[in-house]
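So the structure is just underneath, and the comments pick up after that.
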Amino acid sequence: MEPQKKPKLNKTNILKRFPFGWLLVFFLLIMLMNSFNNIPVTGIPKEISYSQFYQTLKNNPESIKKVTKIETVLQGDFSNNSKFFVNIPENDPEMLGLMRQNLKSFEIKPARTFWITLLFNLGPILLLIFFWWMMAARGEQLGSRIMSFGKVKSKIQSNNEKATFDDVAGVDEAKEELKEVIEFLKDPKKFQKLGGKIPKGVLLVGPPGCGKTLIARAVAGEANVPFFSISGSNFVEMFVGVGASRVRDLFDQGRKAGIVSGKGAIIFIDEIDAVGRLRFSGIGGGNDEREQTLNQLLVEMDGFDGQQGLILIAATNRPDTLDPALLRPGRFDRTIIINLPDIKGREEILKVHTRKIKLAESVDLKSVASQTPGFSGADLANLCNEAALMAARNNKEAVEEIDLDKSVERVLMGPEKKSHIMSKKEKQITSLHESGHALLSLLLPEVNPLKKVSIIPRGLAGGYTFTPPLEDRHYWTKKELLAEITMILGGRASEELNLGEVTTGAQNDLEVATGMARRMVTQFGMSERLGHLTLGRREGLVFLGRDIMEEKNYSDHTAHIIDEEVKQIIDDAYNKAIEILRNNQDKLKLLSNSLLEKEVLSGEEVKKILGIEKSDLV
């Protein structure tokens with residue numbers, strides 16, 4: 001089905017309905033012909049001076065063929081057919097007498113004031129006619145816009161934009177779920193002969209950037225059916241009834257396209273929570289127009305004819321805010337969860353995004369994937385693009401692994417601030433702080449291995465210690481969490497040991513450590529005093545959009561115990577960090593001095609400088 005075209009203005013119809021337009025055209029043609037008549041055929045006349053013409057007229061009048069006087073300008077032809085003109089005074093009887101006496105052909109014509117007079121007389125009328133004509137044209141355009149106001153402006157996927165499952169990686173389970181939809185669109189009789197019905201609606205749920213839209217496009221590309229894409233916000237308007245009208249128009253377009261293709265069609269609504277939120281239930285206030293649009297969407301989905309092969313695919317990252325009537329079987333029959341990719345999925349996504357990027361042979365995408373836990377497909381696409389830009393800035397022939405490693409740090413923590421000027425004292429504090437983190441990450445076996453440590457400011461951080469996991473983690477032991485908190489507090493502990501005081505540089509470390517300790521107590525049941533309990537109910541209110549409130553389902557006495565347990569965990573971890581660093585004070589100072597000198601050290605370089613082996617672990 002071809003995309004909906006904007007109505008074109010039919011100028012012929014306007015002229016027929018508006019006869020004054022012909023009158024305007026007639027006047028313009030007359031003026032144009034008159035201007036053509038005034039253009040000389042034999043050349044452009046040459047201006048000569050008054051004295052030159054006077055001498056020629058007096059001494060050699062035979063060289064002048066004819067002269068015509070119009071007001072204070074004389075126009076004429078020489079005997080060689082060249083044209084001239086000369087300006088004369090307004091009252092010059094001597095010149096007129098001389099021309100009458102010496103010239104055979106001499107004429108006097110009145111001033112051409114006809115067109116000027118006509119313009120002054122008819123000018124307001126012509127302007128009125130022109131304004132009337134413009135209003136008629138704009139009125140037809142405005143009328144067509146008003147009539148199409150309730151029409152939906154959906155985007156139809158072209159052949160150049162088609163995607164397939166080869167372009168989708170890291171979501172194998174979702175692809176398997178959707179292959180059945182593709183098979184139905186290709187061969188619906190296979191299911192219908194056994195009485196089976198294809199799901200009318202498929203809801204894709206997942207965090208932003210995980211590829212929900214790409215998957216929907218790939219389904220349409222694999223099935224080779226028309227694909228209508230629209231955002232849920234396109235249905236929301238300030239005018240009553242417009243949203244419902246656009247819903248009806250969208251489904252009408254989908255049905256017609258499905259009939260034309262003979263295979264069906266796919267309608268994709270992105271961010272459906274913009275129009276499908278829970279209807280007014282007594283809190284938060286209602287929205288009649290949005291609810292009317294949702295009601296029309298529910299009616300249209302109920303009115304699906306399975307024979308037409310029209311399938312609705314929608315995407316959201318907030319399924320908890322959707323109306324239950326929208327999620328019931330018969331509307332959205334299936335809900336497919338698209339999680340963030342694991343290490344294998346990230347490696348496959350990196351392969352997809354590096355197809356058009358020239359990579360060096362030494363690049364190990366699996367190593368890059370291991371450094372990017374929690375990255376979505378969009379994050380990985382950005383990472384690959386940053387690496388390509390970085391290699392181009394450095395005039396490299398291909399993207400190397402070091403470019404990908406640097407782009408990982410850039411995406412996670414922001415660009416390096418090499419131009420940022422730090423005083424010698426601040427640089428020393430930063431090196432001591434990061435050395436505490438780095439040394440503990442090597443001495444504590446439960447902590448992720450050290451990848452890199454730097455004292456160059458990056459993003460909002462004055463320095464950073466990078467310790468990515470070797471593999472994806474789904475479970476953490478209590479011992480591992482305590483070790484992680486100890487490593488996080490290593491920067492503050494190093495400052496106290498070497499400077500005798502603490503600085504504000506550990507603000508983020510304290511925030512992260514405190515949050516982790518509180519979750520251990522309230523969510524993970526890792527407190528000996530409180531036992532195996534989950535404290536605090538984290539259920540967001542319906543219309544807030546995010547879980548920004550926590551319901552307190554415990555007493556004030558229990559809250560006091562929670563605070564004491566959190567403080568106990570932090571204090572124990574901090575004391576352990578102080579003890580380990582004090583016992584390795586020489587290594588701490590050696591690492592700090594090396595950082596001051598080189599600013600950036602890899603994990604292997606740190607191990608080599610400190611001479612740390614596995615036997616040295618605490």
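Quick note: residue numbers are just sequence positions, from 1.
The main-chain N or O of I357 is never found under 3.5 Å from a side-chain atom of T354 such that the two would form a donor-acceptor pair. Not a single donor-acceptor pair under 3.5 Å links the side chain of N382 to the backbone N or O of D379. Formation of a donor-acceptor pair under 3.5 Å by the K212 side chain with backbone atoms of I338 is not found in this model. Using modelled atom types, one side-chain atom of R346 and one backbone atom of T372 make a donor-acceptor pair closer than 3.5 Å. For S63 (side chain) and N60 (main-chain N/O), a donor-acceptor pair under 3.5 Å exists by modelled atom type. Between the side chain of K175 and the main chain of V168, a donor-acceptor pair closer than 3.5 Å is present. A donor-acceptor distance shorter than 3.5 angstrom exists from the side chain of N394 to the backbone of M390, with no hydrogens or angles considered.
Side-chain contact between L365 and L404 is present, with at least one heavy-atom pair separated by less than 4.5 Å. Between Y50 and I88 there is a side-chain heavy-atom pair separated by less than 4.5 Å. In this structure, L322 and F332 have side chains that are not in contact, with every pair of non-hydrogen atoms separated by 4.5 Å or more. Contact check for I269 versus L312: side-chain heavy atoms found under the 4.5 Å cut-off. Residues N317 and E271 form a side-chain contact, since some pair of their non-hydrogen atoms from C-beta on lies under 4.5 Å apart. Side chains of F78 and I64 form a contact here, defined as non-hydrogen atoms less than 4.5 Å apart. Within the 4.5 Å cutoff, the side chain of M301 has heavy atoms near those of the L297 side chain. In this structure, Q371 and F466 have side chains that are in contact, with non-hydrogen atoms separated by less than 4.5 Å.
The two atoms that bring V399 and A387 nearest to each other are CG1-CB, 4.0 Å, heavy atoms only. The shortest non-hydrogen separation linking S362 to E401 is O-OE1, 3.3 Å. Across A391 and A398, no two heavy atoms sit closer than the pair CB-O, 4.1 Å. In terms of heavy-atom proximity, L340 sits nearest to S376 at CD2-CB, 3.7 Å. Considering all non-hydrogen atoms of both residues, A314 and I272 come closest at CB-CD1, 3.7 Å. The minimum heavy-atom distance between G254 and F228, with the atom names listed, is CA-CE1, 3.9 Å.
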Quick one: do E300 and R248 satisfy side chain to side chain contact (heavy atoms under 4.5 Å, CB included)? Show the steps, please.
-> CA-CA 7 Å; E300 292 290 340; R248 286 191 294 270; 3.4 Å; yes
Begin from the C-alpha positions of E347 and L350 and carry the test side chain to side chain contact (heavy atoms under 4.5 Å, CB included) through to its verdict.
-> CA-CA 5 Å; E347 184 181 357; L350 287 170; 5.5 Å; no
Tell me, with the steps shown, if E599 and K427 meet salt bridge (charged side-chain N to carboxylate O under 4.0 Å, His left out).
-> CA-CA 9 Å; E599 293 188 334; K427 201 170 182 180; 2.9 Å; yes
Decide yes or no on salt bridge (charged side-chain N to carboxylate O under 4.0 Å, His left out) for D403 and K406, but give the supporting numbers first.
-> CA-CA 5 Å; D403 299 316; K406 288 183 177 180; 5.9 Å; no
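T316 pairs in a side chain to side chain donor-acceptor pair (under 3.5 Å) with only one of the listed residues (T321, D273, D270), which is D273. Of the candidates L74, L57, V67, T56, L74 is the only one forming a side chain to side chain contact (heavy atoms under 4.5 Å, CB included) with V86.
Atoms CG and CD1, from L250 and I230 in turn, are 5.5 Å apart once rounded to the nearest 0.5 Å. Rounded to the nearest 0.5 angstrom, L204 CG and C210 SG are separated by 8.5 Å. Once rounded to the nearest 0.5 Å, the distance linking OG of S229 with CD1 of I267 reads 11.0 Å. The distance from the CZ atom of F251 to the CD atom of Q296 is 9.0 Å, given to the nearest 0.5 Å. One finds the CD atom of E400 at 11.0 Å from the CG atom of D405 (value rounded to the nearest 0.5 Å). Rounding to the nearest 0.5 Å places CD1 of I48 at 9.5 Å from CZ of F85.
No more than 12 heavy atoms of other residues, nucleotides or ligands sit less than 6.0 Å from atom CD1 of I402.
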